2 protein chains.
Amino acid sequence: MLSRSGIHAVRALVALANVSDGDYKGAALLADETDAPPNYLGKLLQALSREGLVESQKGLGGGFRLARAPEEITMYDVVRSIEDIRRWTQCLFGGDGCSDGNPCAVHHRWAVVRESYLEMMKTTRLVDLLPTENHRGTNPL
Amino acid sequence: MLSRSGIHAVRALVALANVSDGDYKGAALLADETDAPPNYLGKLLQALSREGLVESQKGLGGGFRLARAPEEITMYDVVRSIEDIRRWTQCLFGGDGCSDGNPCAVHHRWAVVRESYLEMMKTTRLVDLLPTENHRGTNPL
DNA sequence: TCCATTCAAGACAATGATATCCTCAACTGT
DNA sequence: ACAGTTGAGGATATCATTGTCTTGAATGGA
């Protein structure tokens with residue numbers, strides 16, 4: 001389950017995937033392309049920059065670019081930089097006493113769901129989110 | 001992913017599962033047993049009452065009781081009464097243009113996770129959450 | 001140097017979820 | 001009838017998330 005921040009962040013990174021080498025794309029343009037609030041997206045990009053996912057450049061012609069290739073960035077990397085993912089590492093009810101040794105009633109069932117989600121996040125890379133010839137500009141992220 | 005309200009609600013219903021027939025358990029006691037804020041739990045119980053999951057009784061000896069047997073109430077029933085479950089019926093990014101006909105890049109991957117979650121919620125009944133001999137009073141919900 | 005552009009950073013506002021408080025109405029036992 | 005108990009409901013408070021605004025710092029071009 002992505003937060004709105006997480007959605008903004010992933011969309012922005014996808015929009016950064018096609019900037020030419022050595023080039024940058026500004027936050028305002030990114031916000032326009034992804035329908036995100038410009039100033040807020042700026043904050044999110046700052047966070048992504050602190051986490052080493054993007055590089056920023058001030059001044060004319062400046063903006064943001066990916067710090068790694070789109071093949072090397074997973075949705076998990078992005079979301080972990082933006083959201084508090086502890087709820088996906090804890091058990092469903094968040095009970096402190098719940099552990100593999102003393103499991104709650106839904107411990108194992110939830111583990112299946114949780115692993116399914118985390119595995120999806122960790123195996124889905126930015127490159128997997130890019131529009132293909134199949135959707136020709138209508139990739140409905 | 002349960003909200004705190006959802007957690008409170010499920011715990012309260014579990015605590016109602018062992019009320020004797022024709023008897024009631026008060027909101028204050030329920031809150032005490034489940035470590036929930038008493039007044040807030042009252043509101044949640046109101047919602048559960050409106051949805052027909054519990055029945056309430058005012059006055060001395062009053063309180064709440066399950067409207068159906070614990071075998072007939074699923075976690076899905078509870079959560080749907082309390083939370084906005086739309087995020088589990090939409091696609092991961094919530095994009096309006098996303099549909100089975102014009103799927104986004106994560107459409108199918110997310111469908112697997114979503115169905116896994118919804119299936120767990122729909123097949124887990126209150127009776128499945130009750131403490132068993134195995135945990136003897138230490139069911140860490 | 002001067003200026004326009006762009007990110008960085010902090011203060012502030014809006015929103016929704018969570019939680020509290022108070023009063024009223026319904027019910028029970030005396 | 002009366003008093004105590006308990007849920008119902010509304011107003012308000014708190015908090016995290018989301019979003020806006022303003023100022024400053026860095027950068028590059030004229």
Side-chain angles (χ1 to χ4, degrees), chain A residues 1-12 16 19 22-67 79 81-87 93-94, chain B residues 1-13 16 19 22-67 79 81-87 94:
Chain A
M1 214 44 194
L2 293 183
S3 64
R4 264 180 291 184
S5 303
I7 293 175
H8 289 326
V10 173
R11 283 181 180 159
L16 280 175
V19 294
D23 212 356
Y24 294 94
K25 185 180 277 192
L29 178 55
L30 279 171
D32 189 53
E33 288 182 4
T34 62
D35 287 313
N39 304 45
Y40 190 47
L41 185 58
K43 301 265 185 231
L44 297 175
L45 287 164
Q46 281 182 42
L48 295 173
S49 173
R50 278 193 295 272
E51 297 294 324
L53 292 181
V54 302
E55 295 167 351
S56 67
Q57 176 64 35
K58 294 181 181 176
L60 191 61
F64 296 87
R65 69 181 176 199
L66 297 183
V79 167
S81 303
I82 294 294
E83 307 182 350
D84 182 0
I85 64 163
R86 274 176 298 181
R87 306 209 56 174
F93 290 90
Chain B
M1 208 49 178
L2 293 183
S3 63
R4 261 179 291 183
S5 303
I7 293 175
H8 289 326
V10 173
R11 285 182 179 159
L13 289 191
L16 281 176
V19 173
D23 212 355
Y24 293 95
K25 186 178 277 191
L29 178 55
L30 279 171
D32 188 54
E33 288 182 5
T34 62
D35 287 314
N39 306 54
Y40 189 49
L41 185 59
K43 299 274 187 222
L44 297 175
L45 288 165
Q46 280 183 43
L48 295 173
S49 173
R50 277 192 296 271
E51 297 294 325
L53 292 182
V54 302
E55 294 167 351
S56 67
Q57 177 64 35
K58 294 181 180 177
L60 189 61
F64 297 87
R65 70 180 174 199
L66 297 183
V79 167
S81 302
I82 295 294
E83 307 182 350
D84 182 359
I85 205 170
R86 274 175 298 181
R87 305 210 56 173

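Letters go in sequence order (proteins before strands), and every chain restarts at 1. The model shown is predicted, which means the values in this text are computed figures rather than measured ones.
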Contacts table for residues 26-35 of chain A: side-chain donor-acceptor under 3.5 angstrom, sequence neighbours left out:
from	atom 1	to	atom 2	distance (Å)
A/Glu33	OE1	A/Lys25	NZ	3.1
A/Glu33	OE2	A/Lys25	NZ	3.2
A/Thr34	OG1	A/Leu30	O	2.9

N/O donor to acceptor pairs below 3.5 angstrom from side-chain atoms of residues 3-12 of chain A, sequence neighbours left out:
from	atom 1	to	atom 2	distance (Å)
A/Ser3	OG	A/Gly6	N	3.1
A/Ser3	OG	A/Glu83	OE2	2.5
A/Ser5	OG	A/Tyr40	OH	2.8
A/Arg11	NE	A/Leu141	O	2.9
A/Arg11	NH2	A/Leu141	O	2.6
A/Arg11	NH2	B/Phe93	O	3.3

Below 3.5 Å, can you tabulate the donor-acceptor pairs from side chains in residues 50-58 of chain A to any protein atom, sequence neighbours excluded?
from	atom 1	to	atom 2	distance (Å)
A/Glu55	OE1	A/Arg65	NE	2.9
A/Glu55	OE1	A/Arg65	NH2	3.2

Using a 4.0 Å heavy-atom cut-off to protein, can you give one letter per nucleotide of nucleotides 4-12 of chain D, 5' to 3': B if the base is in contact, S if only the sugar-phosphate is, - if neither? -BBBBBBB-

Could you pull out the protein-nucleic contacts involving nucleotides 12-16 of chain C (nitrogen or oxygen on both sides, under 3.5 Å)?
none

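Side-chain atoms of B/Arg87 come within 3.5 Å of backbone atoms of A/Leu2 as a donor-acceptor pair (strictly under, hydrogens ignored).
To the nearest angstrom, P of D/dT17 lies 15 Å from CG of A/Leu2. Rounded to an integer number of Å, the gap from A/Arg87 CZ to C/dA17 C1' is 12 Å. A/Tyr24 places its OH atom 13 Å from the C1' atom of D/dA26, with the value rounded to the nearest Å. Counting to the nearest Å, the P atom of C/dC27 and the CZ atom of B/Arg65 are 13 Å from each other. For A/Asp35 and D/dG19, the CG to P distance is 12 Å, given to the nearest whole Å. Nucleotide C/dA17 holds its P atom 12 Å from the CE atom of A/Met1, rounded to whole Å. If you take CG of A/Leu41 and P of C/dA9, they are 16 Å apart, rounded to a whole angstrom. B/Glu55 has its CD atom 19 Å from the P atom of C/dA26, to the nearest Å.
For the pair A/Ser5 and D/dT18, the criterion of a side-chain N or O lying under 4.0 Å from OP1 or OP2 is met. Here A/His8 reaches the OP1 or OP2 of D/dG19: one of its side-chain N or O atoms lies under 4.0 Å away. Between B/Tyr40 and the phosphate of C/dT20, there is no side-chain N or O to OP1/OP2 separation shorter than 4.0 Å.
B/Leu66 places none of its side-chain heavy atoms less than 4.5 Å from the side chain of B/Val19.
If you take CG on A/Leu45 and CG on A/Leu41, they are separated by 4.5 Å, rounding to the nearest 0.5 Å.
Comparing the local axis fitted to the first five base pairs of the helix from C/dT1-D/dA30 to C/dT30-D/dA1 with the one fitted to its last five gives a bend of 0°, rounded to 10°.
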